[in-house]
Amino acid sequence: MTFEEQRRRLSGVVAIPVTPFDAEGAVDGQTYAKLVDRLITGGIEVVTPNGNTGEFYALDAGEARQCLEVTVEAAAGRASVLAGVGHDVASATRSAIHAREAGADMIMIHQPVHPYISGDGWVDYHAAIAAAVPELGVVLYVRNPAIAGEQLGALGEAAPNVIGVKYAVPDPVRFGSVARDAGFDRFVWIAGLAELSAPGYFAVGATGFTSGLVNVDPAISLEMFHALSTADYPAAMAVWERIRPFEELRAANGNANNVSVVKDALAQLGLCRPDIRPPSRLLTGAEREHLSGLLSSWGLS
């Protein structure tokens, strides 16, 4: 797949699937494949195994490889596979090479988890990983407000296969400035804080957004994307109001319920177990009851 086609697909709903676990706590590959197939048959063109909604930081290296391999097999060429990679440079590079060998189309490099990050070091970190897989498109995951257009522009010059930026700093004004300082047309700009933030980011230049909600109802995420991509903001905000209680439940307690809500919703729909790994937790009974009402209001239960 050409970088141009990858860029086109990133200008859409970029799904972050959950990682289902079985009764023994292991990755449930069979259920995972079914969830990926449900996303793709629902119209999703980019699937990101090993994203944060997939509990990337709670998986060991073998489990992350399994999730990627299951996704590639389930996608079967019908959608682009954007493999999440991260940790130290050596580990991320091994994961990137495995993604290429397994048949992924692109990699998403998670934000570096390090207490001391310099601008130049940030560029070097991503450039080293991108250089290991020049055939794959690379998407950056930016959550650090200190990363400016200067660093993104330098990385774009050093790594031609860096094609997209998943921007997850909660500041649309900062996003608009960074995108233009970096070279607006150089990258695909993806709103990285999902549906509730998407309208504000689209207003200043985003052309795609990431989603965990899409696991539950692909149609509602696509409805918002189609409204935003045609600049129909009243229609987008109508969807926004519909999904706001669900996303606010996920965001409660500093996003502690981010994945728990999605998994519990899928469990209530009979699609996977609600099990989640620490440091996240299962929903309380009251939270599950509230979630059930939301699903019913969407006509899903």
Side-chain angles (χ1 to χ4, degrees), residues 14-29 31-32 35 47-68 70-71 82-92 94-95 108-117 125 140-146 166-170 192-197 210-216 245-269 271-292 294:
V14 179
I16 320 294
V18 299
T19 300
F21 302 122
D22 62 23
E24 285 70 48
V27 173
D28 184 346
T31 299
Y32 198 120
L35 293 175
V47 181
T48 311
N50 301 321
N52 283 340
T53 305
E55 297 177 76
F56 174 71
Y57 291 103
L59 303 175
D60 65 30
E63 290 172 326
R65 288 192 295 270
Q66 178 187 357
C67 291
L68 170 63
V70 169
T71 302
L82 172 64
V85 306
H87 303 299
D88 59 279
V89 171
S91 296
R94 285 194 297 270
S95 296
M108 179 195 72
I109 304 176
H110 280 271
Q111 65 281 1
V113 181
H114 196 290
Y116 311 115
I117 298 175
Y125 173 86
L140 312 174
Y141 190 176
V142 178
R143 300 184 69 179
N144 184 348
K166 174 183 174 179
Y167 198 82
V169 176
L193 293 170
E195 283 86 350
L196 289 195
S197 294
T210 59
S211 178
L213 179 153
V214 70
N215 288 277
V216 180
F246 181 92
E247 291 294 282
E248 288 178 344
L249 184 60
R250 293 180 67 198
N253 303 313
N255 277 316
N257 292 340
N258 189 293
V259 182
S260 306
V261 169
V262 177
K263 279 194 161 180
D264 204 291
L266 291 171
Q268 292 191 37
L269 297 176
L271 297 172
C272 77
R273 297 173 61 88
D275 306 334
I276 193 162
R277 290 180 176 173
S280 297
R281 64 159 175 84
L282 294 170
L283 298 186
T284 65
E287 288 168 337
R288 293 196 77 244
E289 185 176 353
H290 179 45
L291 177 59
S292 178
L294 295 177

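We count residues from 1, following the sequence as given. What's counted below: heavy atoms across the whole structure, side chains too, no hydrogens, waters or symmetry copies.
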For a 4.5 angstrom cut-off between non-hydrogen side-chain atoms, does [X] reach [Y]?
X: Val14; Y: Lys166; answer: no
X: Ile276; Y: Leu282; answer: yes
X: Glu55; Y: Val259; answer: yes

Within the side chain of [X], is there an N or O that forms a donor-acceptor pair under 3.5 Å with the backbone of [Y]?
X: Asp22; Y: Ala26; result: yes
X: Ser211; Y: Ala194; result: no
X: Thr19; Y: Gly54; result: yes
X: Asn253; Y: Ala256; result: no
X: Ser260; Y: Arg281; result: yes
X: Asn50; Y: Ala64; result: yes
X: Ser292; Y: Arg288; result: no
X: Glu63; Y: Asp60; result: yes

Quiz question: by atom type and distance under 3.5 Å, do the side chains of Arg250 and Asn258 form a donor-acceptor pair?
yes
Which heavy atom of [X] sits nearest a heavy atom of [Y], and at what distance?
X: Leu291; Y: Ala265; result: CD2-N, 3.5 Å
X: Leu294; Y: Pro245; result: CD2-CB, 3.6 Å
X: Thr48; Y: Gly84; result: CG2-N, 4.4 Å
X: Ser91; Y: Asp88; result: OG-OD1, 2.7 Å
X: Val85; Y: Phe56; result: C-CZ, 4.0 Å
X: Val18; Y: Pro20; result: O-CD, 3.4 Å

To the nearest 0.5 Å, what is the distance between [atom1] on [X] and [atom2] on [Y]?
X: Leu82; Y: Leu68; atom1: CG; atom2: CG; answer: 10.5 Å
X: Asn144; Y: His114; atom1: CG; atom2: NE2; answer: 13.0 Å
X: Leu283; Y: Asp264; atom1: CG; atom2: CG; answer: 4.5 Å
X: Asn52; Y: Met108; atom1: CG; atom2: CE; answer: 6.5 Å
X: Asp28; Y: Gln66; atom1: CG; atom2: CD; answer: 9.0 Å
X: Glu247; Y: Leu213; atom1: CD; atom2: CG; answer: 5.0 Å

Mind telling me whether Tyr57 and His110 have parallel, tilted or perpendicular rings, with 30° and 60° as the class edges?
perpendicular
Phe246 and Val216: side-chain contact (heavy atoms from CB on, under 4.5 Å), yes or no, with the steps?
CA-CA 11 Å; Phe246 181 92; Val216 180; 4.0 Å; yes
Would you sort out whether Tyr141 and Ile109 count as a side-chain contact (heavy atoms from CB on, under 4.5 Å), showing the intermediate values?
CA-CA 6 Å; Tyr141 190 176; Ile109 304 176; over 6 Å; no
